Amino acid sequence: MPCVDRWSLGLHTCVLLLVVTRTETQRTAESGVTLLQLIGDLPPDESRAGPGGKPTYYFGGLDGLTAAGQPALAHLPNPFYRDFSLVFQIIPSSPGVLFSITDASQKFMYVGVKLSAPDADGRNQKVLFYYTEPDSEASYLAASFTVPSLDLVSWTKFSLSVFNDQVTFFMGCDASGKTVKLERSPDDMELDRGAGIFVGQAGGADPDRFEGAIAELKVVGNPRAAELLCEDDDDSDAVSD
């Protein structure tokens, strides 16, 4: 019978732990971090049903929720995903920050998505994407996508995909998307220990808080998740009552 020393057993244990940790990380990257994970035990809006029976959460206003920020490192890998998707399903009442990851002092958003106010004639508004390198002094607007003003009654689903040096915006179930160049360094995005993650706001990094209903918000470590936005939904769920 061969002799197995303590060093061999310890090495075997370390390898097993690394495999388990890597598997869990890959599983989280593929499944994503969801709205329910990010807002905790806040009560859903029982007066408004989300698409497919999803719970709906209303943010802002006198009767809306204000979700406190959570430690980003409790939900996200560090370094943050190099390539990723952000998925949203909302009914806006007013513009503002939908989602953000901020530095500890809330000077800037590492990653953020914000709705602009509609333009002067009310026909269009913009979805703003922020991507800011560590140690910056202010949030950097990396991409801007002009869209028809979002419906204030029906659900709108959209997503963003970050891959290499590009950001692609998908509206509803349109798989073609709009792509713009993303200027960023080749370095990993190292989040600081006190980084925060917010829904419907950006803490002190941006004063404009989103007001409206959110049925879905997902951060996925897979840039193709945005392109497959409606793969598991009926087309009517992309923009529906």
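Hydrogens, waters and symmetry mates play no part in the numbers below; they use all other heavy atoms, side chains included. None of these values were measured; they are calculated from a predicted model. FYI, the numbering just counts along the sequence from 1.
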Min side-chain heavy-atom separation F99-I214 under 4.5 Å
no
Between D119 and K126, is the side-chain contact (heavy atoms from CB on, under 4.5 Å) condition met? List the steps.
CA-CA 9 Å; D119 57 22; K126 294 180 179 180; over 6 Å; no
Would you check if V111 and L86 make a side-chain contact, meaning some heavy-atom pair closer than 4.5 Å?
yes
With side chains defined as the heavy atoms from C-beta onward, is the minimum distance between L182 and Q166 less than 4.5 Å?
no
Please tell me if the side chains of M171 and L150 come closer than 4.5 Å, counting only heavy atoms from C-beta onward.
yes
Does N78 reach the side chain of E190, with side-chain heavy atoms less than 4.5 Å apart?
yes
Verify, without hydrogens or angle tests, whether D192 (side chain) and G194 (backbone) share a donor-acceptor contact under 3.5 angstrom.
yes
Between E211 and S93, is there a donor-acceptor pair closer than 3.5 Å when you use the side chain of the first and the backbone of the second?
no
Who else is in V97's hydrophobic cluster (ILVMFWY, side-chain heavy atoms under 4.5 Å, direct or via others)?
M109, L128, Y130, L141
Answer yes or no: is there a donor N or O on one side and an acceptor on the other, between the side chain of K178 and the main chain of T146, under 3.5 Å?
yes
Could you tabulate the donor-acceptor pairs under 3.5 Å formed by side-chain atoms of residues 196-209, not counting sequence neighbours?
unit_1 : atom_1 : unit_2 : atom_2 : d
Q201   : OE1    : G203   : N      : 3.3
Q201   : OE1    : R209   : NH2    : 3.2
Q201   : NE2    : A67    : O      : 2.8
D206   : OD1    : K114   : NZ     : 3.3
D206   : OD1    : D208   : N      : 2.8
D206   : OD2    : K114   : NZ     : 3.0
D208   : OD2    : K114   : NZ     : 2.8

Please determine whether a side-chain nitrogen of the Lys or Arg among K181 and D165 lies less than 4.0 Å from a carboxylate oxygen of the Asp or Glu.
yes
Is there any ring pair (Phe, Tyr, Trp, His ring centres under 6.0 Å) pair reaching into residues 167-196, and which pairs are they, with sequence neighbours excluded?
F145-F169, F158-F169
Determine yes or no for a side-chain-to-main-chain donor-acceptor pair under 3.5 angstrom, with Q125 supplying the side chain and S149 the backbone.
no
Under the side-chain hydrogen bond (donor to acceptor under 3.5 Å, both in side chains) rule, collect the residues that match up with N124, sequence neighbours excluded.
none
Non-hydrogen side-chain atoms of L191 and P79 separated by less than 4.5 Å
no
Restricting to pairs with a member in residues 101-125, which pass ring pair (Phe, Tyr, Trp, His ring centres under 6.0 Å), not counting sequence neighbours?
F108-Y110
Under the salt bridge (Lys or Arg N to Asp or Glu O under 4.0 Å) criterion, do R184 and E133 qualify, and how do the steps go?
CA-CA 8 Å; R184 58 175 173 171; E133 304 287 350; over 6 Å; no
Backbone N or O of T168 within a donor-acceptor pair of the S161 side chain at under 3.5 Å?
no
Would you say the side-chain atoms of H75 and Q37 include a donor-acceptor pair closer than 3.5 Å?
no
Non-neighbouring partners of F84 that pass ring pair (Phe, Tyr, Trp, His ring centres under 6.0 Å), sequence neighbours left out:
F80
